[in-house]
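For reference, positions follow the sequence shown, starting with 1. These numbers come from a predicted model, not from an experiment.
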Amino acid sequence: MTALQKLKRFIGRALHLGGYCCVDTEQLLFEYVEEELPADVRTKLEKHIADCRLCVEYVDSYRRTIEATHCHGCPEKEMPPELQRRLKDFLAQNPDLR
């Protein structure tokens, strides 16, 4: 995470009285939509979303994108082993993307 991203997160949380902010929504979105967040994290995030029209729209568009992909995308296929290896290497070199 860059210094600018850290500053945005700090300011966002300060403005939301220590709760979650829009940056947190972006980072936790996949786990939130897939209902994989721990209950306490989900509660904090939902409190922010309830007060933030932009985050509600963002989450809704994310859900619609997932649904459209499932309905209109290509059928699931096995990822080629070489691509799997390259993806694992990339993620190992960029842990902040997880």
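For residues 55-66, the pairs satisfying salt bridge (charged side-chain N to carboxylate O under 4.0 Å, His left out) are R53-E57, with sequence neighbours left out.
One finds the NZ atom of K47 at 10.5 Å from the OG1 atom of T43 (value rounded to the nearest 0.5 Å). Distance check: L83 CG to E78 CD gives 10.5 Å after rounding to the nearest 0.5 Å.
Under the side-chain contact (heavy atoms from CB on, under 4.5 Å) criterion, E82 pairs with R85, R86, sequence neighbours left out.
A side-chain donor-acceptor contact under 3.5 Å links R42 to the backbone of Y32.
Side-chain contact between L87 and M79: present, with at least one pair of heavy atoms (C-beta onward) separated by less than 4.5 Å.
Enclosure of atom CD in E67 is not indicated, since only 12 or fewer non-hydrogen atoms of other residues, nucleotides or ligands lie within 6.0 angstrom.
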